[in-house]
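Below is one structure; the comments refer to it alone.
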There are 2 protein chains.
Amino acid sequence: MHYLLGKTIKERRNMLHLTQEDLAAMAGVALRTLKSLEVGKGNPSINTLQKISEVLGMEVRLEVRKLDN
Amino acid sequence: MHYLLGKTIKERRNMLHLTQEDLAAMAGVALRTLKSLEVGKGNPSINTLQKISEVLGMEVRLEVRKLDN
DNA sequence: TCAAAAAGGGCATTATAATGCACTATCTAT
DNA sequence: ATAGATAGTGCATTATAATGCCCTTTTTGA
């Protein structure tokens, strides 16, 4: 269901040359959690998402949908 | 912690003239869940957030942080 | 090649989000 | 002012996210 989310995280992580282990440690989330997330499994809380996003220099935003797609 | 998130949801909901009961029903989440979320309590999953965002014509996005704030 | 590193997954446990219920507080029209 | 509608909260329960352990698969550098 959140395949795109995991894909985004994985791509950004690779772009920064971080391993899953690096990112998980830096973000303060369990490696197992990050692994699952990246392959699109699970339904992360925004806490988890934000901790990871922080390290990736990204942010979770809630915004009005742009017209069209 | 997610005070801003709840505030955003509440503002958008009022803008659309929906009650918490309306929104919760339309989004398919428990009223209790929405209430807590709007006052900044809890740590919603992105599923919950997305269901609510959908009804509000909003979306949860993960994007690279803009330079500065 | 092939050994080490990195990624992916099964499963049990723990922490906590989601929910229901019942109540109180606040807002809103009359 | 006051009744009904809407919003906020405490607490117990249920569903599930987060985690740890351990093993398999895939990738990568020498």
Side-chain angles (χ1 to χ4, degrees):
Chain A
M1 170 143 202
H2 303 101
Y3 167 70
L4 284 179
L5 188 68
K7 193 180 163 200
T8 300
I9 289 172
K10 180 172 185 173
E11 286 174 355
R12 179 76 179 166
R13 177 176 62 77
N14 285 324
M15 192 175 301
L16 299 175
H17 304 297
L18 296 173
T19 64
Q20 289 180 337
E21 202 168 0
D22 291 335
L23 175 53
M26 293 169 85
V29 306
L31 179 55
R32 191 66 185 76
T33 301
L34 177 62
K35 283 175 183 295
S36 296
L37 220 174
E38 284 199 1
V39 295
K41 289 176 182 167
N43 170 30
S45 68
I46 65 169
N47 264 341
T48 295
L49 212 48
Q50 285 184 334
K51 285 190 287 187
I52 292 170
S53 300
E54 187 87 11
V55 175
L56 296 177
M58 303 184 87
E59 58 188 353
V60 182
R61 304 187 59 182
L62 179 57
E63 49 186 42
V64 177
R65 199 186 301 280
K66 304 281 185 281
L67 287 186
D68 190 17
N69 54 311
Chain B
M1 170 140 199
H2 302 100
Y3 166 70
L4 284 178
L5 188 69
K7 194 181 162 198
T8 299
I9 289 172
K10 180 172 184 173
E11 286 173 356
R12 180 76 179 167
R13 176 175 62 76
N14 285 323
M15 192 176 299
L16 299 175
H17 303 298
L18 296 173
T19 64
Q20 289 180 336
E21 202 167 0
D22 292 333
L23 176 53
M26 293 169 85
V29 306
L31 179 55
R32 190 67 183 75
T33 301
L34 177 62
K35 283 175 183 293
S36 296
L37 220 175
E38 284 199 2
V39 295
K41 289 175 182 168
N43 170 29
S45 67
I46 65 169
N47 264 342
T48 296
L49 212 48
Q50 284 184 333
K51 285 190 287 187
I52 292 170
S53 300
E54 187 87 12
V55 175
L56 296 177
M58 303 183 87
E59 60 187 352
V60 181
R61 304 187 58 183
L62 179 56
E63 50 186 42
V64 177
R65 198 186 302 280
K66 304 281 185 282
L67 288 187
D68 190 15
N69 52 311

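A note on names: the letters A, B, ... follow the listed sequences, proteins ahead of strands, and every chain is numbered from 1.
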Assign [X] to base, sugar-phosphate, or nothing according to its heavy-atom contacts below 4.0 angstrom with the strands shown.
X: Ser45(A); result: sugar-phosphate
X: Ser36(B); result: nothing
X: Lys10(B); result: sugar-phosphate
X: Thr33(B); result: base

Name all residues meeting the side-chain contact (heavy atoms from CB on, under 4.5 Å) criterion together with Glu63(A); count only those two or more places apart in sequence or in a different chain, and write none if there are none.
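Scan of Glu63(A) (side-chain contact (heavy atoms from CB on, under 4.5 Å), adjacent residues dropped) gives Arg61(A), Lys66(A), Arg61(B), Glu63(B).
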
Between [atom2] of [N] and [atom1] of [X], the distance in whole Å:
X: Lys41(B); N: dG8(D); atom1: NZ; atom2: C1'; result: 7 Å
X: Lys35(A); N: dC22(D); atom1: NZ; atom2: P; result: 15 Å
X: Gln50(B); N: dA17(D); atom1: CD; atom2: P; result: 13 Å
X: Arg32(B); N: dC21(C); atom1: CZ; atom2: P; result: 13 Å
X: Gln20(B); N: dG8(D); atom1: CD; atom2: P; result: 5 Å
X: His17(B); N: dT28(C); atom1: NE2; atom2: C1'; result: 15 Å
X: Glu11(B); N: dA7(D); atom1: CD; atom2: P; result: 14 Å
X: Leu37(A); N: dA7(C); atom1: CG; atom2: P; result: 14 Å

Begin from the C-alpha positions of Lys7(B) and Glu11(B) and carry the test side-chain contact (heavy atoms from CB on, under 4.5 Å) through to its verdict.
CA-CA 6 Å; Lys7(B) 194 181 162 198; Glu11(B) 286 173 356; 3.2 Å; yes

Toward the 5' end of DNA chain D, which comes first, Leu18(B) or Leu49(A), by nearest nucleotide?
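Upstream on the strand: Leu18(B).
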
Sort out for me which residue in Arg12(A), Arg13(A), Arg32(A) forms a salt bridge (Lys or Arg N to Asp or Glu O under 4.0 Å) with Glu38(A).
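It is Arg13(A), the one option of Arg12(A), Arg13(A), Arg32(A) that forms the salt bridge (Lys or Arg N to Asp or Glu O under 4.0 Å) with Glu38(A).
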
Cluster check Leu31(A), Leu16(A): I/L/V/M/F/W/Y, side chain < 4.5 angstrom:
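No; tracing contacts between hydrophobic side chains, which count when under 4.5 Å, never links both residues.
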
Just compare dT19(D), dA18(D), dG8(C) and give me whichever is closest to any side-chain atom of Ala30(A).
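So the nucleotide nearest the side chain must be dT19(D).
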
What do the steps show when you test Leu5(A) against Leu49(A) for side-chain contact (heavy atoms from CB on, under 4.5 Å), and what is the final call?
CA-CA 10 Å; Leu5(A) 188 68; Leu49(A) 212 48; 3.8 Å; yes

Hey, does the side chain of Arg13(A) come within less than 4.0 Å of dA7(C)'s phosphate (OP1/OP2), counting only N and O?
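The answer is yes; a side-chain N or O of Arg13(A) sits under 4.0 Å from OP1 or OP2.
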
